[in-house]
J.: 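To start, I am sharing the structure in question, which I have written as structure tokens.
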Amino acid sequence: MKIATFNINGIKARLPRLKEWLEETRPSVACLQEIKSQDDGFPAGEFEAIGYQAIWHGQKSFNGVAMLVDAKASFTGPVEVRRGLGIDGPNDGEGEQARYLEADVNGVRVVCIYLPNGNPHPGPKFDYKLAWMERLRERMAEIWAEEVPCAVVGDFNVIPHDDDVWSPKAMASDALMQPESRAAYSRLLADGWTDAMRTLNPRGGVWTYWDYQAGAWQRDHGFRIDHLLLSPELADRLEAVGVDKDHRGREKASDHAPVWVQLRN
DNA sequence: ATGCCTTCCTGGGGAAGA
């Protein structure tokens with residue numbers, strides 16, 4: 001079973017690139033973030049046509065998450081378990097943002113998250129980020145108590161270590177690498193979850209995001225913020241992880257690259 | 001450095017991203 005996460009930065013603008021990636025790499029489960037689409041604008045038929053069954057949690061203009069499952073490979077699901085964490089956005093009266101989707105796939109619980117960016121720091125958006133991370137931690141503890149194999153994947157918007165970024169100095173004031181952001185991420189690992197990429201690449205130096213600006217891609221000025229966290233049962237099945245880096249270099253690419261984990265059966 | 005680029009929503013230019 002191969003579980004992938006991909007912040008696509010707009011499903012309408014990215015549809016040809018996204019379908020290309022699915023057909024070339026054929027993940028069993030693909031968790032998407034920043035679809036930037038309302039529920040009724042989601043192109044489910046486009047995915048069905050290439051053998052993927054989808055569920056989605058959309059929002060106008062911003063955010064939005066989705067989960068695709070390879071029906072051609074006879075994977076069952078996604079059977080939705082939950083959408084949203086029940087936490088309002090940082091602006092008064094805006095309600096909850098579309099950032100969380102949880103479903104069962106072949107007996108594995110898959111959680112797709114788009115964690116708040118938190119910039120500028122300090123401020124209400126940063127406070128929202130930290131509150132969201134604490135709520136996520138609570139939900140992960142609930143799933144842990146169910147003793148179901150689980151992968152929590154997505155755009156965490158956290159650079160866990162200094163060796164996960166091209167220049168810690170250049171990013172020092174960013175919400176992605178504030179000590180509070182890192183501490184909240186570390187608590188998830190301390191709870192027993194395994195960072196799949198870190199486990200197989202303990203020295204860092206692997207990027208999943210390159211900014212559109214300042215020639216970041218050409219200069220390899222990237223960092224790692226897209227993560228795959230595994231419950232103990234899935235960590236025991238960890239076989240390989242990777243970044244589909246070449247997809248970042250294509251025409252009309254997202255600023256994130258897809259990241260995946262291969263699990264033994 | 002309120003910069004750089006890209007998307008969305010909308011038909012001009014602002015918000016958001018990281």
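The chains referred to below are lettered A, B, ... by the order of the sequence lines, with proteins before strands, and numbering in each begins at 1.
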J.: Any luck finding a side-chain donor-acceptor pair between A:Lys36 and A:Asn9 under 3.5 Å?
T.: yes
J.: To the side chain of A:Lys60, which of B:dC4, B:dT10, B:dC8 is closest?
T.: B:dT10
J.: Return the nearest nucleotide to the side chain of A:Ser61; candidates are B:dT7, B:dC9, B:dA18.
T.: B:dC9
J.: Rounded to the Å, how far apart are A:Asp211 CG and B:dG3 P?
T.: 12 Å
J.: Quick check: does any side chain N or O of A:Thr194 sit under 3.5 Å from a backbone N or O of A:Ala196, one acting as donor and the other as acceptor?
T.: no
J.: Could you state the atom-to-atom distance from NZ of A:Lys36 to P of B:dC9 in whole Å?
T.: 9 Å
J.: Would you indicate which nucleotide in B:dC4, B:dA18, B:dC9 comes nearest to any side-chain atom of A:Tyr114?
T.: B:dA18
J.: Give the rounded distance in Å between these two atoms: CZ of A:Phe62 and P of B:dA18.
T.: 12 Å
J.: How many whole angstroms separate atom CD of A:Gln59 from atom P of B:dC9?
T.: 11 Å
J.: Could you state the atom-to-atom distance from CZ of A:Arg224 to P of B:dA18 in whole Å?
T.: 16 Å
J.: Quick check on the 6.0 Å ring-centre criterion: do A:Phe47 and A:Phe42 meet it?
T.: yes
J.: Whether the A:Tyr128 and A:Asp88 side chains hold a donor-acceptor pair (N or O, under 3.5 Å, no angle test) is what I'd like checked.
T.: no
J.: Just the rounded figure in Å: distance from C1' of B:dG17 to CG of A:Leu115.
T.: 14 Å
J.: If only side-chain N and O atoms of A:Asn7 are considered, is one of them under 4.0 Å from the OP1 or OP2 phosphate oxygen of B:dG17?
T.: no
J.: Which value, in whole Å, describes the distance between the C1' atoms of nucleotides B:dC4 and B:dC9?
T.: 23 Å
J.: Using a distance-only test with no angle check, is there a side-chain donor-acceptor pair under 3.5 angstrom linking A:Thr76 and A:Asn106?
T.: yes
J.: Can you classify the ring geometry of A:His121 versus A:Phe126 as parallel (below 30°), tilted (30 to 60°) or perpendicular (above 60°)?
T.: perpendicular
J.: How do A:Asn63 and A:Arg14 order along DNA chain B: which one's closest nucleotide is nearer the 5' end?
T.: A:Arg14
J.: Side-chain donor-acceptor pair under 3.5 Å between A:Asn7 and A:Asp226, yes or no?
T.: no
J.: Over how many whole Å does the gap from A:Asp155 atom CG to B:dA18 atom C1' extend?
T.: 9 Å
J.: Are OP1 or OP2 of B:dA18 and a side-chain N or O of A:His256 less than 4.0 angstrom apart?
T.: yes
J.: State which of B:dC5, B:dC8, B:dA18 makes the closest approach to the side chain of A:Gln213.
T.: B:dC5
J.: Between B:dA15 and B:dT2, how far apart are the two C1' atoms, rounded to whole Å?
T.: 14 Å
J.: Just checking A:Ala13: base, sugar-phosphate only, or nothing, at a heavy-atom cut-off of under 4.0 Å?
T.: sugar-phosphate
J.: Need one value for A:Lys129: base, sugar-phosphate or nothing, where a base atom within 4.0 Å counts as base even if backbone is also close, heavy atoms only.
T.: nothing
J.: Do the side-chain N or O atoms of A:Tyr209 get closer than 4.0 angstrom to the phosphate oxygens (OP1, OP2) of B:dT6?
T.: no
J.: Determine the Euclidean distance between corresponding P atoms of B:dG3 and B:dG14; express it in Å to zero decimal places.
T.: 13 Å
J.: Can you tell me how far C1' in B:dT6 sits from the matching atom in B:dA18, rounded to whole Å?
T.: 12 Å
J.: Does a nitrogen or oxygen in the side chain of A:Lys252 sit under 4.0 Å from OP1 or OP2 of B:dT7?
T.: yes
J.: Measure from the side-chain heavy atoms of A:Asn117 and tell me the nearest of B:dG17, B:dA18, B:dT7.
T.: B:dA18
J.: Would you say A:Lys125 reaches B:dG17's phosphate, i.e. side-chain N/O to OP1/OP2 under 4.0 Å?
T.: yes
J.: Taking CG from A:Asp164 and C1' from B:dA18, how many angstroms apart are they, rounded to a whole number?
T.: 15 Å
J.: Classify A:Asn157 by what it touches in the nucleic acid, base, sugar-phosphate, or nothing, heavy-atom distance under 4.0 Å.
T.: sugar-phosphate
J.: Say we look at B:dT10 and B:dC5: how far apart would their P atoms be, to the nearest angstrom?
T.: 25 Å
J.: Closest to the A:Tyr212 side chain: B:dA16, B:dT6, B:dA18?
T.: B:dT6
